Every structure is written in structure tokens, then in C-alpha cells.
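Predicted model, so just to flag it, every value in this text is computed and none were measured. Residues: numbered from 1 along the sequence shown.
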Amino acid sequence: MNMFISPRPFREVSTLTASPLFQLFLIIALCLPLTRAHADAENSATTLASVSDELRSGWYPQSGDASAATNTVADSVADASDADHLYGNRIRKLTDYIEENFAVEEARAFSIVTHAMEHGKRRGLTPELVLAVIAVESGFQADARSSQGAQGLMQIIARYHPETISEIGGRGALMTPEKNIQAGTKILVQYLNDSDGNLIKALGRYNGSSGKRSRAYANKVLSVYRQLKDVS
């Protein structure tokens, strides 16, 4: 017998691969990536359904007038601690999160959150969704400009929305946070209507992208949206 060949190990391997336990392990190993992918898809679908439900049913749970909050920002935004007394913890938590994670001054973050709440309520959008779009588009930088001509917090291209731009007082107003959010929320709702309420398609239209790029952009927005919802 050749000393380098032993039939015994091959019989043992054959016995092992034939065992039910080994076969079960193999099935689990092969199916695990598919299970994870399915779970990710379900989570994405759940998030989209949650946002869509909020868009349809309204979101504003706080008492008080959002426009009054805007006036307070204009008058004494430096004292952002007043938010706790006037508007509850929601605005406070969102402000703190933006300040800490996007390196935005507290008073500026408070102002942006307040305007997102005011115009979100007016348009029937969750403030977290509005803020998520702002986060992805400009990183909360009110003076942001793109090479394509997009301006401000929600990166609006004036030439594509002449009527909306006229309503806020002209192109220069896009560099003002309140006016930019006012215009941006109106445009987003228009795209939602054009997309029959499909948020993924509406976000793709807002970003001016399609196909895989559209899905990637929407996923970025929804990822920030989840974080903001967890905070608030």
C-alpha cells in the first residue's frame, strides 16, 4: 500500500458530510446572507411605510403655535433653553443632536429645527424628514452652494422653481434659512404629489437623480430620518 494514501480519512469525511447535523449547518451558512438581506429590505420597507403613514396622518404632537416659535427665534434665539418650557423636549433633543453631530452652533440649530417644525406642519411633513433632507443636502450649512446652482439649506436650484422662488421674495432669499425651508418643503410636497405619495420617487425627483443613484440618495435621507426619530 502506498504510504501517502489512506482511505480511512475519506470515509470519515464522507460520513461527516452525510450527517444531518452537517447538512443543517451548511444550509444555515448558505441562507444567512439571504436572511440578512431580506431583513434589511424589510427594515427599509418598514421605515418607508412609517414615514408614509406620518405624511398621510399628520405628525405635530406638541401644543403651541409653531409660528410663535419662529417669532421667539427672531427675538431671543440665543436663549435656546426656553424651548424646553415653550415647546417640550422634542425641539430640544433635535437641536442638541444637530449641534453635536453636525458642528452647528446651538442658536443656529435651534432656528433651523423651529423653521422645519413650522413649515413641516404647514405642509403636512414630519420635521425629522425635513431635517433629514437638510442634513444630506447641505449638512445644515445655510450658505451652501453647489456647482449646479443649488443654494441654501435644502439646496434649491432657483431656475427650476421660478414661481416658488418668487413667493419667497426672489433668489437671494434662498440664503435665508426660513425662506429656504419654506420653499424646500413646498417643492418636496409637490414631488410627493407627482409621485403619488411614493417617498422614494419623490426624494429621487428632489435630488434630480434616477435609478440606483435615486435609491442611494433616498436611503441616505431615510438613514438620517431614523436617527432623528430615535432622538426625538
Side-chain angles (χ1 to χ4, degrees), residues 51 54-55 59-62 64-146 150-158 161 164-165 167-169 171-189 203 206-207 220-232:
V51 176
E54 289 173 345
L55 289 172
W59 57 268
Y60 200 75
Q62 308 278 15
D65 185 357
S67 61
T70 306
N71 293 334
T72 301
V73 172
D75 295 338
S76 58
V77 70
D79 187 10
S81 62
D82 286 347
D84 289 333
H85 174 67
L86 294 173
Y87 318 115
N89 290 328
R90 190 180 193 186
I91 195 170
R92 172 81 266 157
K93 291 176 180 178
L94 289 170
T95 297
D96 289 346
Y97 182 85
I98 293 169
E99 179 188 6
E100 293 169 7
N101 290 275
F102 293 90
V104 179
E105 178 192 15
E106 180 183 33
R108 186 180 301 275
F110 178 67
S111 174
I112 292 171
V113 171
T114 302
H115 294 314
M117 286 193 163
E118 176 192 9
H119 294 290
K121 179 183 180 183
R122 183 175 297 170
R123 302 290 180 188
L125 299 171
T126 69
E128 290 85 0
L129 179 61
V130 177
L131 293 169
V133 171
I134 292 173
V136 174
E137 288 289 341
S138 68
F140 294 96
Q141 300 305 308
D143 58 352
R145 296 175 184 268
S146 79
Q151 295 177 268
L153 289 172
M154 298 188 75
Q155 287 293 276
I156 298 166
I157 301 179
H161 310 281
T164 300
I165 300 306
E167 289 176 0
I168 65 171
R171 182 172 182 165
L174 286 174
M175 307 311 288
T176 304
E178 179 185 6
K179 297 297 184 180
N180 191 282
I181 293 173
Q182 178 183 338
T185 51
K186 179 181 179 179
I187 293 167
L188 182 55
V189 168
L203 289 172
Y206 191 92
N207 181 243
K220 284 183 181 179
V221 172
L222 290 177
S223 177
V224 179
Y225 169 82
R226 292 188 197 102
Q227 296 168 28
L228 292 170
K229 287 295 289 184
D230 287 343
V231 168
S232 62

Evaluation steps, salt bridge (Lys or Arg N to Asp or Glu O under 4.0 Å), between Glu167 and Lys186: CA-CA 11 Å; Glu167 289 176 0; Lys186 179 181 179 179; 2.7 Å; yes

Criterion salt bridge (Lys or Arg N to Asp or Glu O under 4.0 Å) on Glu128 and Arg90, from CA distance to verdict: CA-CA 10 Å; Glu128 290 85 0; Arg90 190 180 193 186; 3.0 Å; yes

Spacing of CG belonging to Leu153 relative to CZ belonging to Arg108, to within rounding of 0.5 Å: 8.5 Å

Side-chain heavy-atom pair Glu178, His119 within 4.5 angstrom cut-off: yes

Pairwise side-chain contact, Val189 with Thr185, heavy-atom cut-off 4.5 Å (strictly under): no

Minimum side-chain heavy-atom gap Ile181-Ile134 below 4.5 Å: yes

Thr95 (side chain) donor-acceptor with Ile91 (main chain) under 3.5 angstrom: yes

Salt-bridge contact Asp230-Arg226 (side-chain N to carboxylate O under 4.0 Å): no

Polar contact flag, side-chain donor to acceptor under 3.5 angstrom, Glu137-Tyr206: no

Flag, side chain of Thr176 to backbone of Lys179, donor-acceptor distance under 3.5 Å: no

Heavy-atom side-chain contact between Gln227 and Tyr97 under 4.5 Å: yes

Derivation of the side-chain contact (heavy atoms from CB on, under 4.5 Å) call for Arg145 and Met175: CA-CA 9 Å; Arg145 296 175 184 268; Met175 307 311 288; 4.1 Å; yes

Shortest non-hydrogen contact between Asn180 and Met154, atoms and distance: OD1-N, 2.7 Å

Intermediate values then yes/no, salt bridge (Lys or Arg N to Asp or Glu O under 4.0 Å), Glu118 and Arg123: CA-CA 9 Å; Glu118 176 192 9; Arg123 302 290 180 188; over 6 Å; no

Side chain to side chain, Phe110 and Ile98, heavy atoms closer than 4.5 Å: no

Any residue meeting salt bridge (charged side-chain N to carboxylate O under 4.0 Å, His left out) with Glu105, in chain and number order, not counting sequence neighbours: none

Least distance between heavy atoms, Leu174 atom then Ala158 atom: CD1-CB, 4.1 Å

Minimum heavy-atom distance between Phe102 and Gln141, given as atom pair plus value: O-NE2, 4.4 Å

Inter-residue atom distance Lys229.NZ - Leu129.CG, 0.5 Å rounding: 10.0 Å

Which residues share a side-chain hydrogen bond (donor to acceptor under 3.5 Å, both in side chains) with Ser138, sequence neighbours left out: none

Min side-chain heavy-atom separation Leu203-Val133 under 4.5 Å: yes

Heavy-atom pair with the smallest gap, counting every atom of Ser146 and Gln155: CB-OE1, 3.5 Å

Minimum heavy-atom distance Ile156-Gly184, with the two atoms named: CD1-N, 3.5 Å

Verdict with supporting geometry, Thr126 and Tyr225, side-chain contact (heavy atoms from CB on, under 4.5 Å): CA-CA 10 Å; Thr126 69; Tyr225 169 82; 3.6 Å; yes

For Lys220, all residues meeting salt bridge (charged side-chain N to carboxylate O under 4.0 Å, His left out), sequence neighbours excluded: none

Exercise: identify the closest heavy-atom pair between Ala109 and Glu99: CB-N, 4.3 Å

Partner of Leu94 by side chain to side chain contact (heavy atoms under 4.5 Å, CB included), out of Ile112, Thr114, Leu228, Asn89: Leu228

